[in-house]
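One structure is given below, encoded as structure tokens.
The chains referred to below are lettered A, B, ... by the order of the sequence lines, with proteins before strands, and numbering in each begins at 1. What's counted below: heavy atoms across the whole structure, side chains too, no hydrogens, waters or symmetry copies.
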2 protein chains.
Amino acid sequence: MRVLLVEDDDRLAAGVVAALEAAGFVVDRARDGQTAWFQGDTEGYAAVILDLGLPALDGLSILRRWRAGGQRVPVLILTARGDWHERVEGIDAGADDYLPKPFRMEELLARLRALVRRAAGQASAVLVNGPLVLDTRRMAVSVDGVPIHLSPQEYRLVSYLMQHAGRVVSQLELTEQLYAQDFERDSNAIEVLVGRVRRKLGGDLIQTRRGFGYLIERADPQ
Amino acid sequence: MRVLLVEDDDRLAAGVVAALEAAGFVVDRARDGQTAWFQGDTEGYAAVILDLGLPALDGLSILRRWRAGGQRVPVLILTARGDWHERVEGIDAGADDYLPKPFRMEELLARLRALVRRAAGQASAVLVNGPLVLDTRRMAVSVDGVPIHLSPQEYRLVSYLMQHAGRVVSQLELTEQLYAQDFERDSNAIEVLVGRVRRKLGGDLIQTRRGFGYLIERADPQ
DNA sequence: TTCCGGCTGACGATTCGCTGACAGGCCCGC
DNA sequence: GCGGGCCTGTCAGCGAATCGTCAGCCGGAA
């Protein structure tokens, strides 16, 4: 877990670095705004601890530049200036947390842990299998980068097959997944559904295992 | 954007509710811990403001119960007790932020906005998505730099979709976020609302995923 | 070849979302 | 208090999308 500490006061910085390293973080330190801005934008940090009172380039400006450039790294602001509108400004500039000096090291650690935990909670929800890409958040499917429009039922089918890619899924299993319990079993609804999806996705992405079920091959770089 | 305020002091609560509503939030209030616990667990709030000193069930206990039950709603703790180990305890119990009384209403709002943003994975007070810009501080929306006048309800819709840009949001979720608890579910209010917003924003900024919900595409540098 | 499981096109009932019209409620200026 | 404008939920109607059904076809395996 690598974090960036942006702090010009050597004594304070030393203390914070020691505490962070004791807590298991790997710490880089930047003394001035220029360096901080560059490093925060290019290196991949899990979090940044940012002092507002800095030489060369103000902390708030760095933060705004990062955010304007789409840099989303979690930022914890650290400053001696404790008046409320400074805080509001910092938070609205895109800081994720704020800690006024003087602070207890325990509190800094707790907040930092919370910050990292939160940022890690945003898993990418995109399933990829060869040319087939399924984005569960956008509920969108594409083949070779071309977006494909699927109806809700069709989407559910592809989603289920993708989540179980590399395994044969029986018609019975699909029926149980896609329909309510009281669904007539000797219906060819699944076959029709698969047909429709195949026409949209093209090719043989969904394979048939005659007598067993359907399958999307797993084709990942593993 | 629907939030839950857990506060037993009527006078304070009234002030906070007024400020929150003026800032565009839909507010439910709970007076005691029991109610708070139940509501926070069952209703889908964008955030919870939690007073630690409560009758019936202590604030920290509620928080721990929520977290133990997997409830991830962002929680901002509010309390008169400002010593640091209380803060650490609160944060480690799963609070996302902490504000000691007395506080400025502006700071509460800023922190609340930050909390909601963070939960949505955004990082700045100004949300940008392609031509669409939403300034949560000024409650202003513009498309291609042209300011658009939205009614409160319309603004909330756009705000919520922007906070969750790149994700399909169901009508049920929108209903829960935009309306108080006792709202009739089989109404087409959301559809009408979306229609009105679309006419104002123009184009297909708000997409429909038939059978699933609505979506504002995310178009930013990653 | 036969047979059986799967595929396909057509069809129609139903659902879903969009829209215009309308009305009640609220606020503001007079 | 009164009138007008805005806000916002309800309703009905429309058009399109959805999706199960059915009948007939195809093709692989024995």
Side-chain angles (χ1 to χ4, degrees), chain A residues 139-141 147-161 168-216, chain B residues 1-2 18 21-22 24-26 139 141 148-161 168-216:
Chain A
M139 292 194 172
V141 172
I148 309 282
H149 173 79
L150 295 184
S151 80
Q153 198 74 324
E154 291 163 0
Y155 174 84
R156 284 186 208 109
L157 173 74
V158 175
S159 171
Y160 192 80
L161 287 177
V168 174
V169 179
S170 73
Q171 285 207 16
L172 179 60
E173 187 178 345
L174 284 174
T175 306
E176 285 170 352
Q177 285 297 325
L178 300 182
Y179 300 94
Q181 296 174 315
D182 56 345
F183 187 79
E184 195 176 350
R185 286 195 163 176
D186 55 349
S187 144
N188 72 339
I190 296 286
E191 287 157 26
V192 175
L193 194 57
V194 170
R196 291 203 246 257
V197 170
R198 277 210 255 248
R199 193 179 316 160
K200 288 186 180 180
L201 298 188
D204 48 0
L205 283 173
I206 300 181
Q207 298 180 23
T208 303
R209 290 281 187 272
R210 212 178 156 79
F212 296 106
Y214 299 96
L215 162 76
I216 289 183
Chain B
M1 202 63 56
R2 193 149 151 252
E21 289 183 342
F25 291 95
V26 177
M139 291 174 71
V141 173
I148 309 281
H149 172 77
L150 294 184
S151 78
Q153 197 71 328
E154 290 163 358
Y155 174 82
R156 281 184 212 115
L157 173 74
V158 175
S159 169
Y160 192 80
L161 287 177
V168 172
V169 179
S170 73
Q171 285 206 17
L172 179 61
E173 187 178 344
L174 285 174
T175 307
E176 285 174 350
Q177 288 299 325
L178 301 184
Y179 299 93
Q181 295 169 291
D182 55 346
F183 186 80
E184 194 178 349
R185 287 194 161 175
D186 54 349
S187 140
N188 73 338
I190 296 287
E191 286 158 27
V192 175
L193 194 57
V194 169
R196 291 204 244 256
V197 169
R198 277 210 255 246
R199 197 176 315 161
K200 288 187 181 180
L201 298 188
D204 47 1
L205 283 173
I206 301 181
Q207 296 182 25
T208 303
R209 289 275 190 278
R210 198 172 230 267
F212 292 115
Y214 299 96
L215 161 78
I216 288 182

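Residue B:His149 places at least one side-chain N or O under 4.0 Å from the OP1 or OP2 atom of D:dC7. Here B:Ser151 reaches the OP1 or OP2 of D:dT8: one of its side-chain N or O atoms lies under 4.0 Å away. Using a 4.0 Å cut-off, some side-chain N or O of A:Tyr214 falls inside it from OP1 or OP2 of C:dC7. Residue B:Tyr179 places no side-chain N or O under 4.0 Å from the OP1 or OP2 atom of D:dT8. A close approach under 4.0 Å does not occur between any side-chain nitrogen or oxygen of A:Arg199 and OP1 or OP2 of C:dC7. Note on A:Gln153: every side-chain N or O is 4.0 Å or more away from OP1 and OP2 of D:dA17. Within the 4.0 Å cut-off from OP1 or OP2 of D:dT10, at least one side-chain nitrogen or oxygen of B:Ser187 is found.
In this structure, CD1 of A:Ile190 is placed 11 Å from P of D:dT21, rounded to the nearest angstrom. Between the P atom of C:dG17 and the CZ atom of B:Arg198 lies a distance of 11 Å, rounded to the nearest Å. The separation between A:Arg209 atom CZ and D:dG28 atom P is 15 Å, rounded to whole Å. Across the protein-nucleic acid pair, A:Glu191 atom CD and D:dC19 atom C1' stand 15 Å apart, rounded to whole Å. The CG-C1' distance, from B:Leu174 to D:dT8, rounds to 16 Å in whole Å. Atom-to-atom, CD of B:Gln207 to P of C:dG17 comes out at 15 Å; the value is rounded to the nearest Å. The distance between atom CZ of B:Phe212 and atom C1' of D:dA17, rounded to the nearest whole Å, is 13 Å. What separates CZ of A:Arg156 from P of D:dG20 is a distance of 10 Å, to the nearest Å.
Side-chain contact between A:Leu157 and A:Leu150 is absent, with no heavy-atom pair separated by less than 4.5 Å. Under the 4.5 Å side-chain criterion, counting only non-hydrogen atoms from C-beta, B:Leu205 is not in contact with B:Val158. A:Thr208 is listed as a side-chain neighbour of A:Tyr214, based on a closest heavy-atom distance under 4.5 Å.
With C:dC7, D:dT18, D:dT8 as the candidates, the nucleotide lying closest to the side chain of A:Pro152 is D:dT18. In this structure, of D:dG20, C:dC18, D:dG9, it is C:dC18 that holds the atom nearest to the side chain of B:Asn188. Here C:dC7 is the nucleotide among D:dC22, D:dC7, C:dC7 with the atom lying nearest to any side-chain atom of A:Thr208. With distances taken from any side-chain atom of A:Arg196 to the nucleotides D:dT10, C:dC18, C:dA10, the minimum falls on C:dA10. Looking at the side chain of B:Arg210, the nearest of the listed nucleotides C:dC7, D:dT18, D:dT10 is D:dT18.
Among the heavy atoms of the strands, none lies under 4.0 Å from A:Val194.
Overall, the helix from C:dT1-D:dA30 to C:dC30-D:dG1 carries an axis bend of 30° between its ends, with five pairs at each end and the value rounded to 10°.
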Handout entry: Candidate pair B:Val197 and B:Leu161, rule side chain to side chain contact (heavy atoms under 4.5 Å, CB included), full reasoning
Key = CA-CA 12 Å; B:Val197 169; B:Leu161 287 177; over 6 Å; no
Practice task
Would you check, one step at a time, whether the test side chain to side chain contact (heavy atoms under 4.5 Å, CB included) holds for B:Gln177 with B:Arg156?
Solution key: CA-CA 9 Å; B:Gln177 288 299 325; B:Arg156 281 184 212 115; over 6 Å; no
Exercise for the section: Would you sort out whether A:Val141 and A:Tyr155 count as a side chain to side chain contact (heavy atoms under 4.5 Å, CB included), showing the intermediate values? Expected result: CA-CA 8 Å; A:Val141 172; A:Tyr155 174 84; 4.0 Å; yes
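Distance check, rounded to the nearest 0.5 Å: CG of B:Leu193 to OG of B:Ser151 gives 6.5 Å.
Judged purely by atom type and a 3.5 angstrom limit, A:Arg209 has no side-chain atom pairing as donor or acceptor with the backbone of A:Leu215.
Remark on DNA chain D: of its neighbouring residues B:Lys200 and A:Glu154, the 5'-side contact belongs to B:Lys200, judged by nearest-heavy-atom nucleotide. Residue order along DNA chain D, read from the 5' end via each residue's closest nucleotide, puts B:Leu150 first among B:Leu150 and A:Leu150.
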